[in-house]
Amino acid sequence: MKLTKAEEQLMELIWDKKEIFMKDIIDDYPEPKPATTTIATLLKRMQNKGFVAYNLMGNSRQYYALVKKEDYFSKHVKSLINDFFGSSALQFASFFTRETNMTTADLESLKKIIDDQIKRSKK
């Protein structure tokens, strides 16, 4: 299941803090801050989608993620590769390195990551 942009923005706060109360969400939100009711609605939708849950602490709810950030984005990158690159990670990587204006240093770092992955896959 996918989050909306507003839900993803809120989810980033939750992933960053691990556990967070409504007051802290509001404090950490960038300007212009949404209304408390808007945040509450987003949290409810995210609960229904299975992305967040909460623990009751007195009268307050402490929210936490049920889905890891890496798992969420990994699923969406795989979907992007399937939908736009015919399930070819090679075509995606080629497009990515050409179209993102990577610096020479970035490309060298990427090459090292690839070389390390090749070594691991040969073991």
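Since the model is a prediction, treat every value here as computed from it, not as a measurement.
For F85 and F95, the gap between ring centers is short of 6.0 Å.
Across all non-hydrogen atoms, the minimal contact from A6 to Y29 is O-OH, 3.9 Å. Shown here for I14 and A65, the closest heavy-atom pair between the two residues is CG2-N, 3.6 Å. In terms of heavy-atom proximity, V52 sits nearest to L43 at CG2-O, 3.8 Å. Between W15 and V67 the shortest heavy-atom distance is NE1-O, 2.7 Å. Across all their heavy atoms, Q9 and P30 have their closest contact at NE2-CG, 3.4 Å.
Both F73 and L13 sit in one connected hydrophobic cluster of ILVMFWY residues. Membership requires side-chain heavy atoms under 4.5 Å apart, directly or through other members. Taken together through direct or relayed side-chain contacts under 4.5 Å among Ile, Leu, Val, Met, Phe, Trp and Tyr, Y63 and L66 form parts of separate hydrophobic clusters.
Note that the CD1 atom of I113 and the CD1 atom of I118 stand 12.0 Å from one another [nearest 0.5 Å]. Note that OG1 of T103 is 9.5 Å distant from CD of E108, once rounded to the nearest 0.5 Å. Taking OG1 of T41 as the start and CD of E7 as the end, the distance is 10.5 Å to the nearest 0.5 Å. How far NZ of K123 is from NZ of K119: 8.5 Å, rounded to the nearest 0.5 Å. Here the straight-line distance linking atom CD1 of I25 with atom CG of L42 works out to 9.5 Å at 0.5 Å rounding. With rounding to the nearest 0.5 angstrom, the CE atom of M102 is 4.5 Å from the CG atom of L110.
Salt-bridge formation is not detected for the pair D71/K75: no Lys NZ or Arg NE/NH1/NH2 atom is positioned less than 4.0 Å from an Asp or Glu carboxylate oxygen.
Between F51 and Y72, the ring planes are perpendicular. Angles over 60° get that label, and only those under 30° would be called parallel.
Between the T100 side chain and the F96 main chain, a donor and an acceptor come within less than 3.5 Å of each other. When atom types are taken as modelled, the side chain of T38 and the backbone of P34 share no donor-acceptor pair closer than 3.5 angstrom. For K49 (side chain) and K2 (main-chain N/O), a donor-acceptor pair under 3.5 Å exists by modelled atom type. Using a distance-only test at 3.5 Å, with no hydrogens or angles considered, no donor-acceptor pair links the side chain of K18 to the main chain of Y64.
More than 12 heavy atoms of other shown residues, nucleotides or ligands fall within 6.0 angstrom of atom NZ in K33. At most 12 non-hydrogen atoms from other residues, nucleotides or ligands lie less than 6.0 angstrom from CZ of F84.
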Original post:
For M22 and R61, what are the C-alpha separation, side-chain angles and deciding distance, and is it a side chain to side chain contact (heavy atoms under 4.5 Å, CB included)?
Top reply: CA-CA 7 Å; M22 175 69 83; R61 294 178 179 183; over 6 Å; no

**OP:** Take K112 and D116 through the test salt bridge (charged side-chain N to carboxylate O under 4.0 Å, His left out) and record every step on the way to the result.
**Re:** CA-CA 6 Å; K112 182 179 179 339; D116 291 345; 3.0 Å; yes

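Side-chain contact between I20 and Q62 is absent, with no heavy-atom pair separated by less than 4.5 Å. Within the 4.5 Å cutoff, no side-chain heavy atoms of D24 are placed close to those of K17.
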